[in-house]
Undergrad: 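Sharing a structure, written as structure tokens. Questions coming.
None of these values were measured; they are calculated from a predicted model. Chain letters run A, B, ... following the sequence lines, proteins first, then strands; residues in each count from 1.
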Protein chains: 2
Amino acid sequence: MSVQDAIAEISTCLGQRLTRSKSDLDLHGRSESHFALSRPDAVAYPETTQEVAMIVRACAKAGCPVIGWGTGTSLEGQAQAFQGGISVDFTRMNKILDIRQQDMDVTVQPGVTRQSLNDDLRATGLFFPVDPGANASLGGMASTRASGTTAVRYGTMRDNVLALEVVTATGEIIRTGTRARKSSSGYDLTGLFVGAEGTLGLVTELTLRLHGQPEAISSAVCGFETVSGAVQAVIDTIQMGLPMARIELMDAASVAAVNAYSGMTLPERPHLLLEFHGSDAGVAEQAETFGLIAAEHGGSGFDWATRAEDRTALWTMRHNAYHAIMASKPGARALVTDNCVPISRLAEAIEGTQADLAEAGLPGPILGHVGDGNFHAILMFDETDADAVARAKAVSDKMVNRALDLGGTATGEHGVGIGKLEYMAREHGGAWQMMGAIKTALDPQNIMNPGKLVPPRE
Amino acid sequence: MSVQDAIAEISTCLGQRLTRSKSDLDLHGRSESHFALSRPDAVAYPETTQEVAMIVRACAKAGCPVIGWGTGTSLEGQAQAFQGGISVDFTRMNKILDIRQQDMDVTVQPGVTRQSLNDDLRATGLFFPVDPGANASLGGMASTRASGTTAVRYGTMRDNVLALEVVTATGEIIRTGTRARKSSSGYDLTGLFVGAEGTLGLVTELTLRLHGQPEAISSAVCGFETVSGAVQAVIDTIQMGLPMARIELMDAASVAAVNAYSGMTLPERPHLLLEFHGSDAGVAEQAETFGLIAAEHGGSGFDWATRAEDRTALWTMRHNAYHAIMASKPGARALVTDNCVPISRLAEAIEGTQADLAEAGLPGPILGHVGDGNFHAILMFDETDADAVARAKAVSDKMVNRALDLGGTATGEHGVGIGKLEYMAREHGGAWQMMGAIKTALDPQNIMNPGKLVPPRE
């Protein structure tokens, strides 16, 4: 059976919801990153798990690639169709199926976005904390093992997915995990699918942990003389056991960009942005303790925001930082790095990167989820300047190798896709071959998002 | 090559550290549970990862089973040699390799026990929180995905293992994970090995998350009229976001047993035992809030212990509860159940169990890590009374089936081994077959702890 036959079979079932329009193929061949347009052969918009299973079974008969699509916000080419095939767009599977307040969990379809979930949760006193910045789909966030600004307190998708429904590479529907908060019942398949980037199956339903909306929230911003002063303040804060909800670093170049873009007037030096969640007394105590720690490490201008509008301004500025940075170099393309290192090595990793950037003569403002040791440099270049492209790639290479040398990882939260494939052997050694063996066992035909994450098939 | 050849080959390398003495074979053929003595063919005491790899390679040539052994405290027969083979005892791999205070992590060999790790950590201001009761080895705790009284605050082994070194079924040495706090770099193999019960490989080194010793600790005990009142207080406490470090339930029968054993004088009704970790002001605030919640649900006799010796007495009593319960029926054997359900269904699960026990005429005091929805009934019987044994087994069956009906799991923290094997198909459906496919891919000869956890090979 050919790919065309598979498309015809799927089309019989989905009708208009299987499209080959140029605009749809273009949309699903693009990403927010620097990878070339790579169109799928068709785009399917299933509405049920059974339809997803039907699509996969048809593709299995034809050996046709199947690629999941959430909101297209992944950064390493995970959702692009580099080998063609069917892009399975989960936009129409966007129902919140069951909110269970007492158990503080929720079951959703994969196309629900994190913001729409939180909108629906507002009245319940609960919220879903994982916040990668983009308003991504929850299925995509699980598949990428996304995290973001709140992971230091609430964990990543790894920590917040309780159970999954998955369509396997043979089109079988399975369930992993239960709604129990913990289990020792066999291999952690939920954990295996979280971060698998759709290479082992398609997530068709997720049960997620929710958290209580905090009684009180306070935010703060604090400048430091040096990145290492800021990082040392973070280390002390975590060692004290202060339950920071967010603790973000912006280097001087990032601060300059947000000043220009958001009309802020922060001094152009490294800053930490913080948020505390707790009781009124608790957040006041935490803020006071943090103020003392910051002062010990050269922190100054500690500015405290308990009013909701000030907090909103602060985090809107942070969420817009990427756009602010891109606006500082009109017309530039960006390569966004994503290293994560043990926190004791974070200052070294960031300062090394700054030196590399200076040497390469490239702008690369740095932002970081520093409580986790994760930071991004936004490497900007003119894509028509081959030399600048090469220098950006070389800086990114150096950063990954430094992160691995320091005991860290090539990707803290953006995933592998094709963008980090070349570092997998170095990061994982024989364990990468083991990933390949699992992939081969569960997807012998290599139809699930082929060419991503695992070693190329011989 | 035969098993005898493999033993000879290993013996050449390990000398006296490969034994076939009757006492050693007996020790490694027993468990703390009700399973029959099942001796290995030999017991190996490796001192290095290379020796473990050599043992596995020799066994692979002979198709000889390899079973890991920590402290022998698993409860579902995980460490017993039901098909003979080599028991790999990690007692001599008991070094703490590197404590990194700034990163709050530690690398240990698998034979280190949780108490010896915490003894070593005392001066650092850090501690390792996972506490299953027994002074188990950390390799065993990881392999069983152990948890215990503190999981409600600090998580289980799943949440506290950052990275592993593993000897695979072919005797290769691989590393999974890094010391970065988070990563999106490929399949979560660390998570796959945690809870795999040695069926995919042997853990030879672990990097664990540590936590700051809290500035202040307070404990409390509080009686309730009914189990459901106690459980409702727990639900409200968690929904309020109170960061309880421990929240344990003892039913009236357990209270009676600990009163008799530990000289306590608690009223014979359901009780919650609690611990709060935080700042001085924080724990005082948490305790006050909990007191108000408890009072709303019929809680009384709320008794507050901030003095270290009172706390120690309370938690020693809790840790000894199993022995107290066993002492209440001298000569009895026990079947310890381990269900975990969504917390909204916990009262129903416990009250249903109490009704089953009354109907069966069996004593079965109940203890639970109720913040996680996990509870144990200690089903006691005279093992020479076949009818009593059958009734205990029938109650355990009913409990598992009820837990699954309520959206829970057959085992919250004790694992599968052979004791829970019969429930795996019902709990996991097609996902259990997927576990089998992973096992076959990574251990095609089925030498790693065969007969446990996954579906029997055809």
Undergrad: What pair of heavy atoms forms the shortest contact from A:Asp188 to B:Arg145, and how long is it?
TA: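 Here A:Asp188 and B:Arg145 meet closest at N-NH2, 3.4 Å.
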Undergrad: So what's closer than 4.5 Å to chain B heavy atoms on A:Glu285: side chain, backbone, both or neither?
TA: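 When you check distances to chain B, only side chain atoms of A:Glu285 fall under 4.5 Å.
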Undergrad: Where on B:Val454 is there a heavy atom nearer than 4.5 Å to chain A: the side chain, the backbone, both, or neither?
TA: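 Side chain of B:Val454 only, per the 4.5 Å heavy-atom cut-off to chain A.
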Undergrad: Apply side-chain hydrogen bond (donor to acceptor under 3.5 Å, both in side chains) to the pair B:Thr107 and B:Asp98, showing each step before the final yes or no.
TA: CA-CA 5 Å; B:Thr107 300; B:Asp98 201 357; 5.8 Å; no
Undergrad: Please state whether the side chain, the backbone, both or neither of B:Arg100 comes within less than 4.5 Å of a heavy atom of chain A.
TA: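 Contact with chain A involves no heavy atom of B:Arg100 at all.
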Undergrad: Please classify the contact between B:Leu404 and chain A as side chain, backbone, both or neither, with a heavy-atom cut-off of under 4.5 Å.
TA: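 Contact with chain A involves no heavy atom of B:Leu404 at all.
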Undergrad: Against chain A, label B:His369 side chain, backbone, both or neither, depending on which of its atoms sit under 4.5 Å from a heavy atom there.
TA: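 The answer is the side chain of B:His369.
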Undergrad: Against chain A, label B:Lys420 side chain, backbone, both or neither, depending on which of its atoms sit under 4.5 Å from a heavy atom there.
TA: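 Contact with chain A is absent: no heavy atom of B:Lys420 under 4.5 Å.
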Undergrad: If I measure from the heavy atoms of chain A, does B:Leu453 come under 4.5 Å with its side chain, its backbone, both, or neither?
TA: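 For B:Leu453, the side chain is the part near chain A, not the backbone.
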Undergrad: By a 4.5 Å heavy-atom criterion (distance strictly below it), what part of B:Tyr423 contacts chain A: side chain, backbone, both, or neither?
TA: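 Contact with chain A involves no heavy atom of B:Tyr423 at all.
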Undergrad: What part of B:Arg175 gets closer than 4.5 Å to chain A, counting heavy atoms only: side chain, backbone, both or neither?
TA: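 Only the backbone of B:Arg175 comes within 4.5 Å of chain A.
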Undergrad: Against chain A, label B:Glu172 side chain, backbone, both or neither, depending on which of its atoms sit under 4.5 Å from a heavy atom there.
TA: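 B:Glu172 touches chain A through side-chain heavy atoms alone.
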Undergrad: Could you tell me which portion of B:Thr156 (side chain, backbone, both or neither) has an atom closer than 4.5 angstrom to a non-hydrogen atom of chain A?
TA: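 It is the side chain, since no backbone atom gets that close.
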Undergrad: Determine the minimum heavy-atom distance between B:Thr178 and A:Glu427, stating which atoms define it.
TA: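 For B:Thr178 versus A:Glu427, the nearest heavy atoms are CG2-OE2, 3.8 Å.
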Undergrad: Main chain of B:Pro129, side chain of B:Thr150: is a donor-acceptor contact present, judged purely on distance under 3.5 Å?
TA: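 Here the side-chain-to-backbone pair exists.
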Undergrad: For A:Thr168, which atoms come within 4.5 Å of any heavy atom of chain B: side chain, backbone, both, or neither?
TA: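 Only the side chain of A:Thr168 comes within 4.5 Å of chain B.
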Undergrad: If you count heavy-atom pairs under 4.5 Å with chain A, which of B:Gly408, B:Gly212, B:Gly241 comes out on top?
TA: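 Sorted descending by pairs with chain A, the first entry is B:Gly408.
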Undergrad: Determine yes or no for a side-chain-to-main-chain donor-acceptor pair under 3.5 angstrom, with A:Asn449 supplying the side chain and A:Gln78 the backbone.
TA: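 Looks like yes, one N/O pair under 3.5 Å.
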Undergrad: Let me confirm one number: the CZ-OH distance from B:Phe193 to A:Tyr187, rounded to the nearest 0.5 Å.
TA: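 Going from CZ on B:Phe193 over to OH on A:Tyr187, the span is 9.0 Å.
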Undergrad: Can you tell me which portion of B:Asn374 sits under 4.5 Å from chain A's heavy atoms? Options are side chain, backbone, both or neither.
TA: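 The answer is the side chain of B:Asn374.
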Undergrad: Do any of residues 433-443 of chain B come closer than 4.5 Å to chain A, heavy atom to heavy atom, and if so which ones, in number order?
TA: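 Near chain A, by residue number: B:Met434, B:Met435, B:Ala437, B:Ile438, B:Lys439, B:Ala441, B:Leu442.
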Undergrad: Could you pull out all residues at least two apart from B:Phe290 that satisfy ring-ring contact (aromatic ring centres under 6.0 Å, His included)?
TA: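 B:Phe290 satisfies ring-ring contact (aromatic ring centres under 6.0 Å, His included) with B:Phe302 only.
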Undergrad: Let's test your reading of the structure: which of A:Gln213, A:His428, A:Met104, A:Arg158 forms the most heavy-atom pairs below 4.5 Å with chain B?
TA: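 Sorted descending by pairs with chain B, the first entry is A:Arg158.
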Undergrad: What heavy-atom pair brings B:Val152 and B:Thr149 nearest, and what distance separates the two atoms?
TA: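 Residues B:Val152 and B:Thr149, closest heavy atoms: CG1-O, 4.4 Å.
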Undergrad: For B:Cys340, is there any backbone N or O sitting under 3.5 Å from a side-chain donor or acceptor partner on B:Asp372?
TA: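 It does not hold such a pair.
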Undergrad: Where does B:Glu76 contact chain A at under 4.5 Å (heavy atoms): side chain, backbone, both or neither?
TA: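 Contact with chain A is absent: no heavy atom of B:Glu76 under 4.5 Å.
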Undergrad: What part of B:His414 is in contact with chain A, defined as an atom under 4.5 angstrom from a non-hydrogen atom: side chain, backbone, both or neither?
TA: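 Looking at B:His414, just its backbone touches chain A.
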Undergrad: Does the A:Ser184 side chain pair with the main chain of B:Thr144, one donor and one acceptor, at a distance under 3.5 Å?
TA: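 Yes.
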